[in-house]
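All residue numbers in this chain count up from 1 along the given sequence. Because the structure is predicted, anything quoted here is derived from the model rather than measured.
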Amino acid sequence: METQSSASSSPSHREDDHRHVLLFIAQPTQCSLPSNTMTTAPTTTTAMKMKKKKLNLDTANSKKGLASRSGLHGVIVASLIHQLRRPRILHQRHVFPLISALSGCLLLLFAASSLPVIQHQSHFSFGNAVEVGSDSDAGTSFTVPASGGSLSRDLWVSTLSKLYHGCSNASDKFARADAKTHPNRHLLIATSGGLNQQRTGITDAVVAAYILNATLVVPKLDQNSFWKDASNFAEIFDVDQFISFLSKDVKIIKELPTNGGKAVTPYTMRVPRKCNPKCYEKRVLPVLNKKHAVQLTKFDYRLSNQLTADLQKLRCRVNYHALKFTDSILEMGKRLVQRMRMKSKHFIALHLRFEPDMLAFSGCYFGGGENEKGELGTIRKRWKNLHASDPEKVLRHGRCPLTPEEVGLMLRALGFGSDVHLYVASGEVYGGEETLAPLKALFPNFHSKETIASEELAPFSSFSSRMAALDFIVCDESDVFVTNNNGNMARMLAGRRRYFGHKPTIRPNAKKLYRLFMTRNNMTWEEFASRVRSNQIGFMGEPNEVKPGRGEFHENPTSCICEKSKEKAGGVLIPRNQTNNLDRSGKEDSINKDTSEVTDEQLTEDEQEQSDMDYANGTLTTSDRNPLLKHEQPELEEELFSD
């Protein structure tokens with residue numbers, strides 16, 4: 001959608017920029033008249049009031065502006081007549097400058113009256129979230145209702161979910177571990193990032209070991225990152241379940257065996273992002289054959305999306321079945337879910353990323369003026385070679401996270417009323433309670449793990465990954481999951497919820513929604529809500545809304561989604577616990593149809609660039625130029641967007 005004028009073509013420059021445009025329009029009378037005809041413009045006072053009130057224009061102000069312009073026209077015309085009636089002794093050289101000056105003023109007035117009056121609602125508003133903005137004209141009112149309205153569909157289920165189910169059985173052609181594993185090849189990986197980014201690395205490590213015919217050593221978690229969590233694998237995941245469930249696919253051991261009683265030091269190296277099977281065979285296999293033990297460092301998103309269906313299904317078996325949280329984490333997570341169920345039959349879980357560090361890295365601007373620019377700009381300097389921020393471009397490409405207020409408006413427009421209970425999983429929110437106030441006004445039933453469990457969290461509170469695991473469980477079990485960002489947790493949960501029944505998963509269509517948020521005061525609530533619902537089609541977690549191979553496989557596991565026959569479409573889906581005991585004979589139910597044999601990478605350049613970025617405390621890298629490192633180079637600090 002094109003912008004209406006050049007004055008509104010910079011959406012990321014919030015209310016401070018638009019204020020200057022309005023002042024220019026409101027002060028056209030400050031043109032120079034000859035001293036003997038200078039008249040005080042009646043719109044000066046109006047302009048000063050507009051400056052004090054910023055952009056909260058209403059119908060009355062608009063009428064006053066028109067009246068002021070009409071009055072000024074009258075003053076100028078009267079002045080012109082008066083000058084023309086003066087005695088002819090006025091020298092001709094005084095008349096022409098006068099006429100030129102008056103003509104210039106009339107042209108300015110005509111131009112000003114033809115420009116649209118721009119109204120703008122701050123993207124980072126802390127005002128009353130239930131009645132946002134003001135009237136743009138006598139017939140337009142943007143007042144957010146408390147009710148979600150009456151819709152024909154059920155908000156709490158996906159309409160076509162019964163037609164599909166997760167399927168990750170291996171085919172008959174998929175070789176088993178005992179027949180293919182080489183005895184002198186041991187693969188180790190060092191994960192990177194927060195809990196969910198490490199989860200992607202663990203999943204892909206199993207597939208990499210299968211490709212290399214190697215024994216996998218239980219992955220080492222990142223303990224030195226931004227997240228500062230000293231937990232090891234067995235303190236987050238059930239290590240025995242991990243080893244036993246995958247025993248027919250890949251041989252996994254807990255520790256690297258010794259050589260003659262001496263510890264073996266693995267050879268360290270790194271592979272490029274999106275490395276495909278041939279890449280592993282060419283780069284890693286020769287080293288593995290020579291050194292016998294290789295550790296791949298910073299192992300996140302190091303495996304291509306372009307894999308055969310069997311390898312993709314192996315990914316799903318790892319991610320959705322083998323990786324199980326420890327009993328203590330599962331029990332606490334289950335307790336949190338039960339408490340949310342006690343409050344309401346249905347609830348929404350929101351993963352809210354709005355930390356200062358993440359906002360600074362994003363390069364977005366949220367309308368907070370010079371204070372925000374200064375605070376986030378200081379944090380942004382932490383990344384030495386990060387390119388200069390371009391808020392307009394980032395916003396236009398849909399890379400800015402929604403503010404808490406915008407999330408609330410989106411949910412209300414989609415039909416969720418103020419009586420809905422909202423579980424919020426978030427870190428430190430920039431702006432604190434002031435930022436959250438609009439969301440809480442829209443959804444007063446506002447909860448977090450800290451509000452529904454306090455002392456019980458003590459065993460977990462000192463470990464960021466364990467706390468993140470609790471949020472993961474509640475978000476996974478929620479009736480509706482919504483996110484304001486496109487981080488790792490959002491992607492991992494999107495894929496998981498597709499696999500286990502296509503539970504509603506709302507991900508903002510930020511490329512289109514930002515324009516609506518910018519111009520919402522120029523339309524009625526009904527029009528706004530209708531356009532939000534239209535823009536969100538394809539972003540609600542429904543089956544087949546994403547093309548096969550589009551985006552990361554972890555968010556769109558197409559090869560692991562099977563379609564039921566028409567005869568069983570109305571039946572009950574396979575229970576989640578039943579899928580843990582899949583028939584390992586490799587035969588899928590004859591009524592199932594695999595929807596994709598091979599996925600292709602179809603990322604746009606922008607999406608590829610974003611997914612490959614490393615968010616580090618000192619450096620930003622988009623690729624690894626030297627994938628084979630004989631000695632481990634100093635690792636970068638952790639990605640701040642790598643939840």
Side-chain angles (χ1 to χ4, degrees), residues 123-126 129 193-197 226-229 332-333 336-337 339-340 343 347-362 364 366 368 372 375-376 379 399-411 416 420-454 457 460-478 480-494 505-508 510 615 638-643:
H123 191 68
F124 197 48
S125 173
F126 298 128
L195 175 66
N196 293 286
Q197 183 170 324
F226 170 83
W227 303 100
K228 301 294 188 291
D229 191 324
M332 188 66 228
L336 294 174
V337 173
R339 289 178 185 174
M340 288 301 299
K343 296 178 181 298
F347 73 93
I348 297 175
L350 164 63
H351 182 228
L352 183 66
R353 292 297 309 274
F354 215 69
E355 302 92 334
D357 301 87
M358 192 268 275
L359 299 185
F361 187 92
S362 72
C364 301
F366 299 93
E372 177 196 318
E375 292 170 354
L376 298 185
I379 298 174
R399 295 184 185 174
C400 291
L402 267 61
T403 67
E405 178 186 25
E406 291 169 342
V407 173
L409 291 173
M410 177 185 69
L411 289 175
F416 297 99
V420 169
H421 285 255
L422 188 66
Y423 177 92
V424 179
S426 70
E428 175 191 0
V429 174
Y430 180 63
E433 284 299 315
E434 192 176 16
T435 306
L436 291 172
L439 177 60
K440 289 184 175 181
L442 284 164
F443 293 93
N445 298 311
F446 188 98
H447 312 282
S448 67
K449 57 183 177 294
E450 290 81 7
T451 64
I452 60 178
S454 54
L457 294 175
F460 309 93
S461 58
S462 299
F463 304 94
S464 61
S465 290
R466 300 181 206 185
M467 293 288 275
L470 296 178
D471 280 334
F472 186 96
I473 293 170
V474 180
C475 291
D476 185 33
E477 293 294 332
S478 65
V480 172
F481 172 65
V482 60
T483 178
N484 75 325
N485 65 91
N486 193 39
N488 290 293
M489 182 169 172
R491 290 196 290 263
M492 293 297 283
L493 278 169
T505 302
I506 303 172
R507 305 177 70 187
Y615 298 74
E638 181 40 30
E639 298 186 12
L640 294 172
F641 202 46
S642 62
D643 47 4

State which residues pass side chain to side chain donor-acceptor pair (under 3.5 Å) with N484; sequence neighbours excluded, sorted by chain then number.
none
Closest non-hydrogen contact found for S465 with D229 is N-OD2, 2.6 Å
Compare every heavy atom of P401 with every heavy atom of L359, then report the nearest pair and how far apart it is.
CD2-CG, 3.7 Å
Given 3.5 Å as the limit, does a donor-acceptor pair link the side chain of E406 with the main chain of T403, or not?
yes
Minimum heavy-atom separation for M467 and F460, please, with both atom names.
CG-O, 3.2 Å
Using the ring of each side chain (for Trp, its six-membered ring), is H351 parallel, tilted or perpendicular to F481, with breaks at 30° and 60°?
parallel
Tell me, please, which residues at least two apart from A360 pass side chain to side chain contact (heavy atoms under 4.5 Å, CB included).
L376, I379, R380, W383
The test is side-chain contact (heavy atoms from CB on, under 4.5 Å); show your working for M489 and D471 and say whether it passes.
CA-CA 10 Å; M489 182 169 172; D471 280 334; 4.3 Å; yes
List for me each residue that meets ring-ring contact (aromatic ring centres under 6.0 Å, His included) alongside H421, sequence neighbours excluded, and say none if there are none.
H447
Across all chains, not counting sequence neighbours, the ring-ring contact (aromatic ring centres under 6.0 Å, His included) partners of F443 are none
The criterion is ring-ring contact (aromatic ring centres under 6.0 Å, His included); which residues satisfy it with F416, sequence neighbours excluded?
W156
Set of residues satisfying salt bridge (charged side-chain N to carboxylate O under 4.0 Å, His left out) with respect to E450, sequence neighbours excluded
none
